[in-house]
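All values derive from a computational prediction rather than experimental measurement. Numbers restart at 1 for each chain; the letters A, B, ... are given by sequence-line order, proteins then strands.
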Amino acid sequence: MDCRQIEFSPEKSRTRIDKALLVFPHKSLMFILGYTLYLLGAKRKEAAALAGMPEESVKTALRRVFRDGFPALHDRRFSMTPSGRYAAERPRISVYRQGDDCIVDFGANGNTVRLPADHQVQVRTVVLSLLNAGVLTVPESASALGLTGTHCRELARKLVNGDVADALIDKLVGQKQDYRVGPEQKAEIIRQLAARAMAGHNTSSEILAEQVNEQTRSKLSARTIRWHIRNLGLTDIRKTLPPLVEALKKTPANRC
DNA sequence: AGGCGACTCCACCATGCCAA
DNA sequence: TTGGCATGGTGGAGTCGCCT
């Protein structure tokens, strides 16, 4: 928006600001002015100077407003609602840990919600939703969730932008691949087990470990061989493979 | 706010011990 | 000889704190 053609009157500005101060807290009003100047294209530093605010405060406030919208215009360190009414007029909601539970206390009417603290997703959903609604503070929420303020804000922001599954459910997946018994070793376990079972040779895990280690230049223990035989579903192959092969031998190849 | 390194946590893997 | 159980190792994502 190009406002360079507009004429500004310092006298009218003073009168109007004095009038606005009857309704708005000084700090909120100064920030609204600075925010407006910033939106109109003023440099952040100059907008901050004109509004009489430290530049760092303006940076923080702008970040808040772009994230939270209009409710972020007021200074959250003070219990003042965006409309200018003090929060004390309505029941103060708080959250805290009590033993194994997380308690959300709805204030004067005595209503509370008790959530098992180890139900992490449930607790985070409730607390962060209340934080996003502006009824809980970040330190209070972070303390109840056992997180730092920074991380708490980050999760709250994610919950605004996405559903619970995207924002709060742990996506840790752990190790996905074997690191000693790879495809080569697994193939050799199957090959040795099947061949020895068919030939009627010893198929104990000790013998198989020896053979697999020799063929693949590995150092696997017999216990590891047993663990993988079971994991691959080969436990009964010693008994079932020979009769299957005998049955197949008696069936003409073109019928298979 | 964003980048980065260190640390934590999680799921899975490897293996020793030992009872059956 | 097998398989249940316990324990420690591993890779990778999440989390934290510091710095810019």
Tell me: [atom1] of [X] to [atom2] of [N], nearest whole Å?
X      : N      : atom1 : atom2 : result
A:I229 : C:dT2  : CD1   : P     : 7 Å
A:L208 : B:dT15 : CG    : P     : 15 Å
A:E210 : C:dT1  : CD    : P     : 11 Å
A:R238 : C:dG3  : CZ    : C1'   : 12 Å
A:R196 : C:dT1  : CZ    : C1'   : 15 Å
A:I189 : B:dC13 : CD1   : C1'   : 13 Å
A:Q185 : B:dT15 : CD    : P     : 11 Å
A:R226 : B:dC18 : CZ    : C1'   : 11 Å

Check every atom of [options] against the side chain of [X] and return the nucleotide holding the closest atom.
X      : options               : answer
A:R124 : C:dT1, C:dT15, B:dT15 : C:dT15
A:R230 : B:dT15, C:dG4, C:dT2  : C:dG4
A:R223 : C:dT2, B:dC17, B:dA14 : B:dC17

(message) For the residue pair A:Q215 / A:Q211, report whether a side-chain donor-acceptor contact shorter than 3.5 Å exists.
(response) no

(message) Under a plain distance cut-off of 3.5 Å, with no hydrogens placed, do A:S218 and A:Q185 share a side-chain donor-acceptor pair?
(response)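 Distance-only check passes for A:Q185 and A:S218.
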
(request) Using side chain to side chain contact (heavy atoms under 4.5 Å, CB included) as the criterion, point out the one residue from A:I189, A:N202, A:N213, A:I229 that pairs with A:L208. (result)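 One option only clears the test, and that one is A:I229.
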
At under 4.0 Å, does any side-chain N or O of [X] touch on OP1 or OP2 of [N]?
X      : N      : value
A:S204 : C:dT1  : yes
A:T224 : B:dC13 : no
A:H228 : B:dC13 : no
A:N202 : C:dT1  : yes

(message) Using 0.5 Å steps for rounding, measure from the CD atom of A:E206 to the OG atom of A:S221.
(response) 9.0 Å

(message) Using the salt bridge (Lys or Arg N to Asp or Glu O under 4.0 Å) criterion, which residues pair with A:R114? Sequence neighbours excluded.
(response)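 Checked A:R114 against salt bridge (Lys or Arg N to Asp or Glu O under 4.0 Å); matches are A:D101.
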
